[in-house]
Amino acid sequence: QKEVEQNSGPLSVPEGAIASLNCTYSDRGSQSFFWYRQYSGKSPELIMFIYSNGDKEDGRFTAQLNKASQYVSLLIRDSQPSDSATYLCAVNIQGAQKLVFGQGTRLTINP
Amino acid sequence: KAGVTQTPRYLIKTRGQQVTLSCSPISGHRSVSWYQQTPGQGLQFLFEYFSETQRNKGNFPGRFSGRQFSNSRSEMNVSTLELGDSALYLCASSFDNTEAFFGQGTRLTVV
């Protein structure tokens, strides 16, 4: 079992709709969870981080964490074509000072 | 404030050669991590340095090495380059095991 798993997609969402990206992780001791956005040919850009169970909102983005289910998600409201990118879920493995990344979900927002 | 700076942006090397990549973290950040990104393997952790000490290392051969200087700048070195080392090498800085911010990366091509 991979340490961090995401659906590779592609995920296609109409403009203005909600895009929902999901991620599961295997290490129950993981404490920190991150979502990065990566445009083609660019480096990953941090868009959300969450440390506690529940929801965290920042503008059009909401991160959701459920440690009991070992599940973290990212919701993008009012999706825009500029949101089209690969979204990477990353987990900070307990005590290891390293991020483990999922394979990424490619999201396409259709005008 | 200035972000993470990686140099050079692009490199072409021949098999068997060695290469050194440089990373200057965000001012005040003492943790620097290195990652390799390839289409097949995704983002993989190489190593992490904090206050000139390597705190964690990923599953890469000994040809991959790094160091960190007293001003937190970091270098990574790859010796005896192989074709499979062609990748985007990313450096990320953080204050200390917190949110990590990536540089623009160095695209290494081994021919």
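Chain identifiers are assigned alphabetically (A, B, ...) following the order of the sequence lines, protein sequences preceding nucleic acid strands; residue numbering begins at 1 within each chain. Owing to the predicted nature of the structure, the values given are computational and were not obtained by experimental measurement.
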A:R77, CZ atom: more than 12 neighbouring heavy atoms under 6.0 Å: yes
Take atom CZ in B:R73; do more than 12 heavy atoms of anything else shown fall under 6.0 Å from it? yes
Is A:N22 atom CG crowded by more than 12 heavy atoms from other residues, nucleotides or ligands, each under 6.0 Å away? yes
Check whether B:M76 and B:F45 end up in the same hydrophobic cluster, where Ile, Leu, Val, Met, Phe, Trp and Tyr are linked by side-chain heavy atoms less than 4.5 Å apart. no
Would you indicate whether B:F95, at its atom CZ, is surrounded by more than 12 heavy atoms from other residues, nucleotides or ligands within a distance under 6.0 Å? no
So, the part of B:L90 with a heavy atom under 4.5 Å from chain A: the answer is side chain
Kindly state whether the ring of B:Y35 and the ring of A:F101 have centres lying under 6.0 angstrom apart. yes
Point-to-point distance, once rounded to the nearest 0.5 Å, from CG of A:L99 to CZ of B:F102: 6.0 Å
Would you please test B:Q37 and A:Q38 for side chain to side chain donor-acceptor pair (under 3.5 Å) and show each step? CA-CA 12 Å; B:Q37 187 175 32; A:Q38 187 173 27; 2.9 Å; yes
Identify the two heavy atoms, one from B:E99 and one from A:L46, that lie closest to each other, and give their separation to 0.1 Å. CB-CD2, 3.6 Å
How long is the straight-line distance from NZ of A:K98 back to CD of B:Q44, given to the nearest 0.5 Å? 10.0 Å
Whether the side chain of A:S43 engages the backbone of B:G103 through a donor-acceptor N/O pair (distance < 3.5 Å, no angle test) should be reported. yes
As an exercise: rank B:A100, B:G42, B:S33 by heavy-atom pairs under 4.5 Å with chain A and give me the winner. B:A100
Over 12 non-hydrogen atoms of neighbours within 6.0 angstrom of CG in B:N71: yes
